[in-house]
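Counting convention: from 1, in listed order, for ligands and their atoms alike.
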Amino acid sequence: MTNETINIYKDAKALSEGFTSFLQTEMEDKESISISLSGGSTPKTLFQYWAECCNNLIEWQKMCFFWGDERCVPPDDPLSNYGMTKKFLFDFIEKITPSHIHRIHGENDIKDELRKYEGILSRELPKHNELPCFDIMMLGLGDDGHTASIFPDQIELWESRRNCVEAVHPETKMKRISLTGRIINNSNNIAFLVTGKNKARKVKEIIGERDKFMNLYPAARVNPTHGNLYWFLDEEVASLL
Ligand code: 6PG
């Protein structure tokens, strides 16, 4: 793995501050910046930090928001990744341009929505290697080694020739829409945000023995084709590194 940077912070708040500093640097020389958001508890802490402390610290008008995955539920459902972002971030930051928010319509027919969202990615993002290219791809890491909504029991979806696929959560059987490996790895910057002792072994396995776990954990297949890979970790999850 080339261009892999590991940042370790004492807690989730310090991680949020560190990621914010990274974002500010990335957007310095840009008129706009595209970011694919993740769901989960770590991004929620980041959004709360942004809402409380960053109204004037981030150039919000430059930001174009997308999602790496979404649950197939309405936007006001407590399980919606967009809904969580709206509740903890968008509802507090007036400078965000509504037309820059490109949510996945989890309430729609999945096959229609896959086509529509792929069309949005194609129209709204520049291309690299003839594929839509994000400036920042935010990813979480599941306890089972999933990332976005590509789960270990459907790891073949990572290799799909499509940019977005229908996935199913292995336990809840909830349908999801997820970006695939070809798009995730085509990003200029991929940023894993991971906290909590329960994932320390997964993080150690993925960072330290990526090839050994490629067929077990979708997250081990994250490998930017041309961009950078960053880990934003708290001390607990980095304790085995
Ligand atoms: C989702 C996320 C998913 C998440 C991981 C980690 O929709 O659930 O996109 O990939 O990032 O499950 O979630 P936690 O940070 O809550 O453990």
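Ring planes of F213 and Y217: parallel class, angle under 30° (limits at 30 and 60°). By the 30° and 60° cut-offs, the orientation of the rings of W67 relative to Y82 is perpendicular. Under the 30°/60° scheme for interplanar angles, the aromatic rings of F66 and H102 are found to lie parallel. The aromatic rings of H146 and H169 lie perpendicular to each other, with more than 60° between the two planes, well past the 30° mark.
An N or O contact shorter than 3.5 Å is missing between P43 and ligand 1 by distance. The shortest N/O to N/O separation between S41 and ligand 1 falls below 3.5 Å. Between T147 and ligand 1, not a single N/O pair is under 3.5 Å apart.
Counting only non-hydrogen atoms, the option in S149, G40, S38 that gets closest to atom 13 (O) of ligand 1 is G40. In this structure, of R71, E70, K44, the residue bringing a heavy atom nearest to atom 1 (C) of ligand 1 is R71.
Atoms of ligand 1 found under 4.0 Å from any heavy atom of L141 (numbered from 1 in listed order, with element): 6 (C). For ligand 1, the atoms closer than 4.0 angstrom to any heavy atom of A148 are 3 (C), 9 (O), 10 (O). Per-residue contacts place G140 under 4.0 angstrom from the following atoms of ligand 1 (heavy atoms of the residue considered): 11 (O). Close approach to T42 involves these atoms of ligand 1, each under 4.0 Å from a residue heavy atom: 15 (O). Taking every non-hydrogen atom of K199 and a distance limit under 4.0 Å, the qualifying atoms of ligand 1 come out as 6 (C), 14 (P), 15 (O), 17 (O).
In summary, R162 and E166 do not engage in a salt bridge, as defined by a charged side-chain N under 4.0 Å from a carboxylate O.
Nearest to atom 4 (C) of ligand 1 among the protein's heavy atoms is G39 O, 3.7 Å. Summary of contacts: the protein heavy atom closest to atom 2 (C) of ligand 1 is D69 OD2, 3.5 Å. At the top of the distance list for atom 12 (O) of ligand 1, counting protein heavy atoms only, stands H146 NE2, 2.8 Å.
Separation of atoms OG (S16) and CG (L46) is listed at 4.5 Å; rounding is to 0.5 Å.
A continuous path of hydrophobic side-chain contacts links L23 to I8 [ILVMFWY only; heavy atoms under 4.5 Å].
Annotation: salt bridge (Lys or Arg N to Asp or Glu O under 4.0 Å) contacts involving residues 50-62, sequence neighbours excluded, comprise E59-K62.
Taking 4.5 Å as the limit, some side-chain heavy atom of L141 sits within range of a side-chain heavy atom of V203.
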